[in-house]
Novice: 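This is the structure I have questions about; it appears just below.
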Amino acid sequence: MLYWVMKHIVLGPLMKLFCRPRVEGIEHVPESGAAILVSNHVAVADSFFMPLMMPRRVTFLAKREYFTGTGLKGKLQKYFFSGVGQVPIDRSSGAAAQAALDTGVRLLREGKLLGVYPEGTRSPDGRLYKGKTGVARMALEADVTVIPIAMFGTDKVNPIGSKMWYPHKVKVKIGEPLDFSRYEGLAGDRFVERSITDEIMYALMELSGQEYVDVYAAKAKDDLAAQGKHVAGWNVQQQGGPGGADRLPRSQAG
């Protein structure tokens with residue numbers, strides 16, 4: 001109920017008024033049945049605008065900390081994230097990561113649309129970073145298609161390091177579904193899962209036009225912190241990138 005209220009009565013109309021979001025390729029989203037929606041991740045606002053423009057409800061796996069706060073603020077935050085369809089997961093260990101994947105597979109087998117950011121965290125500088133293989137594992141185990149989505153303008157609405165939102169046009173571009181049924185029965189094969197993940201990242205790179213960096217975004221953030229750079233103000237063109245940049249995901253670069 002809260003999901004519908006927030007999308008159609010409270011937040012949705014305000015977001016449409018000030019940011020005039022538009023969507024391309026909506027025909028690629030199935031009217032029913034499960035699929036994984038994979039997106040680049042340049043701002044917190046991605047998690048608001050992407051489901052806003054989808055004809056069906058989108059469920060995200062959210063970090064457990066959103067649901068464990070104390071006091072009035074913690075209760076309100078838990079109520080909000082639960083109400084808008086977020087499912088808490090623990091990311092603190094290997095066993096927790098497996099439990100998160102199991103949760104994702106369960107949701108897909110229930111016929112839901114699952115939203116996933118394969119980079120694992122927001123890009124620190126607007127470029128596209130190496131994908132984590134969990135998305136491939138879920139796609140194989142649940143036997144579902146993967147739909148690439150590129151977000152444009154959300155980093156201007158909600159710049160990195162800012163708690164404020166600003167009016168700016170937003171575009172959600174949806175690509176053609178990716179079918180990995182040719183790998184049926186190979187879930188757990190790390191080489192297959194890496195190849196699938198790289199194919200997904202290649203599709204996101206083509207769709208978004210972002211420069212690709214063959215380094216995990218979390219490591220890039222750590223490198224920036226070690227260098228004493230402020231992520232929000234870091235000029236990629238002038239300073240160069242942590243770990244160096246590749247034009248293509250490795251398994252697609254041959």
Side-chain angles (χ1 to χ4, degrees), residues 6-26 28-29 37-55 58 60 62-63 66 77 80-81 84-86 115-131 147-175 200-213 215-218 220-225 227 229-242 245 247:
M6 297 299 288
K7 181 173 181 176
H8 297 288
I9 298 178
V10 182
L11 286 181
L14 290 174
M15 292 163 64
K16 290 181 178 179
L17 175 64
F18 290 105
C19 300
R20 290 182 285 172
R22 59 189 180 94
V23 61
E24 295 181 7
I26 197 66
H28 297 311
V29 179
L37 308 180
V38 295
S39 173
N40 60 336
H41 196 18
V42 294
V44 171
D46 296 330
S47 298
F48 291 81
F49 281 98
M50 194 249 274
L52 175 67
M53 305 308 292
M54 295 297 115
V58 180
F60 287 93
K63 59 184 180 181
Y66 288 154
Q77 185 171 266
F80 173 80
F81 282 106
V84 297
Q86 308 292 309
V116 175
Y117 299 115
E119 293 169 275
T121 187
R122 281 172 291 164
S123 169
D125 52 28
R127 296 187 293 175
L128 186 69
Y129 282 83
K130 186 175 182 177
I147 302 173
I149 297 177
M151 305 295 297
F152 299 89
T154 51
D155 55 333
K156 301 295 190 298
V157 172
N158 176 216
I160 294 176
S162 173
K163 295 182 179 180
M164 297 293 294
W165 283 33
Y166 304 92
H168 193 280
K169 290 183 180 180
V170 168
K171 183 172 75 171
V172 181
K173 187 175 182 181
I174 306 171
I200 291 170
M201 301 314 293
Y202 182 85
L204 285 176
M205 182 190 71
E206 295 245 295
L207 200 62
S208 68
Q210 291 170 281
E211 178 185 356
Y212 179 79
V213 185
V215 174
Y216 290 117
K221 288 182 177 180
D222 290 342
D223 289 347
L224 289 175
Q227 296 169 26
K229 298 183 184 295
H230 296 290
V231 171
W234 193 45
N235 187 317
V236 179
Q237 272 66 36
Q238 292 180 0
Q239 300 291 346
R247 293 184 59 197

Novice: Let me confirm one number: the CG-NZ distance from Leu207 to Lys173, rounded to the nearest 0.5 Å.
Specialist: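 NZ of Lys173 is found 5.5 Å from CG of Leu207.
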Novice: Compare all side-chain heavy atoms of Tyr212 with those of Lys130 and state whether any distance is below 4.5 angstrom.
Specialist: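 Of all side-chain heavy-atom pairs linking Lys130 with Tyr212, at least one is under 4.5 Å.
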Novice: With sequence neighbours left out, what residues match His8 under ring-ring contact (aromatic ring centres under 6.0 Å, His included)?
Specialist: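 Partners of His8 by the ring-ring contact (aromatic ring centres under 6.0 Å, His included) criterion, ordered by chain and then number, come out as Trp4.
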Novice: Looking at every non-hydrogen atom in both residues, tell me the closest pair between Lys7 and Pro13 and how far apart they are.
Specialist: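 Smallest interatomic distance, heavy atoms only, reads O-CD, 3.8 Å.
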Novice: Which heavy-atom pair separates Pro124 from Ala220 by the least distance, and what is that distance?
Specialist: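 Smallest interatomic distance, heavy atoms only, reads CG-CB, 4.1 Å.
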Novice: Just wondering, are more than 12 heavy atoms of other shown residues or ligands nearer than 6.0 Å to OH in Tyr216?
Specialist: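 Yes, the 6.0 Å shell around OH holds more than 12 heavy atoms from other groups.
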Novice: Just so I know, are the side chains of Ile26 and Pro55 near enough to count as touching, which here means a heavy-atom distance under 4.5 Å?
Specialist: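 Result yes, sub-4.5 Å side-chain heavy-atom pair found.
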Novice: Would you name the heavy atoms of Ser162 and Asn158 that are closest together and state the gap between them?
Specialist: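 Smallest interatomic distance, heavy atoms only, reads O-ND2, 3.1 Å.
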Novice: Side chains of Leu204 and Pro118, heavy atoms from C-beta outward: is any pair under 4.5 Å?
Specialist: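 Of all side-chain heavy-atom pairs linking Pro118 with Leu204, at least one is under 4.5 Å.
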Novice: Do you know which two heavy atoms are closest between Ser123 and Gly126, and how far apart they sit?
Specialist: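 Looks like OG-N, 2.9 Å.
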Novice: To the nearest 0.5 Å, what is the distance between CE on Met6 and CE on Met15?
Specialist: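 Answer rounded to 0.5 Å: 9.5 Å.
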Novice: Could you grab the distance from atom NE2 of His168 to atom CZ of Arg20, nearest 0.5 Å is fine?
Specialist: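 Output value for this atom pair is 10.5 Å.
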Novice: Ignoring hydrogens, what is the shortest heavy-atom contact between Ala217 and Thr121? Give both atom names and the distance.
Specialist: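 Nearest pair, atom of Ala217 first, then Thr121: CB-CG2, 3.6 Å.
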Novice: Side-chain contact, heavy-atom cut-off 4.5 Å: Lys169 with Lys156?
Specialist: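 No, their side chains stay 4.5 Å or more apart.
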Novice: Quick one: side chains of residues 38-54, donor-acceptor pairs under 3.5 Å with protein atoms, not counting sequence neighbours, listed by atom name and distance.
Specialist:
{"residue": "Ser39", "atom": "OG", "partner": "Ile149", "partner atom": "O", "Å": "3.4"}
{"residue": "Asn40", "atom": "OD1", "partner": "Met151", "partner atom": "N", "Å": "2.8"}
{"residue": "Asn40", "atom": "ND2", "partner": "Met151", "partner atom": "O", "Å": "3.4"}
{"residue": "Asn40", "atom": "ND2", "partner": "Gln210", "partner atom": "OE1", "Å": "3.1"}
{"residue": "His41", "atom": "ND1", "partner": "Ala43", "partner atom": "O", "Å": "3.4"}
{"residue": "His41", "atom": "ND1", "partner": "Asp46", "partner atom": "OD2", "Å": "2.9"}
{"residue": "Asp46", "atom": "OD1", "partner": "Thr154", "partner atom": "OG1", "Å": "2.5"}
{"residue": "Asp46", "atom": "OD2", "partner": "Val42", "partner atom": "N", "Å": "2.8"}
{"residue": "Asp46", "atom": "OD2", "partner": "Ala43", "partner atom": "N", "Å": "3.0"}
{"residue": "Ser47", "atom": "OG", "partner": "Tyr117", "partner atom": "OH", "Å": "2.8"}

Novice: Just by modelled atom types, is the Arg122 backbone N or O under 3.5 Å from a matching donor or acceptor in the Lys221 side chain?
Specialist: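 Yes, because the side chain of Lys221 sits within donor-acceptor range (under 3.5 Å) of the backbone of Arg122.
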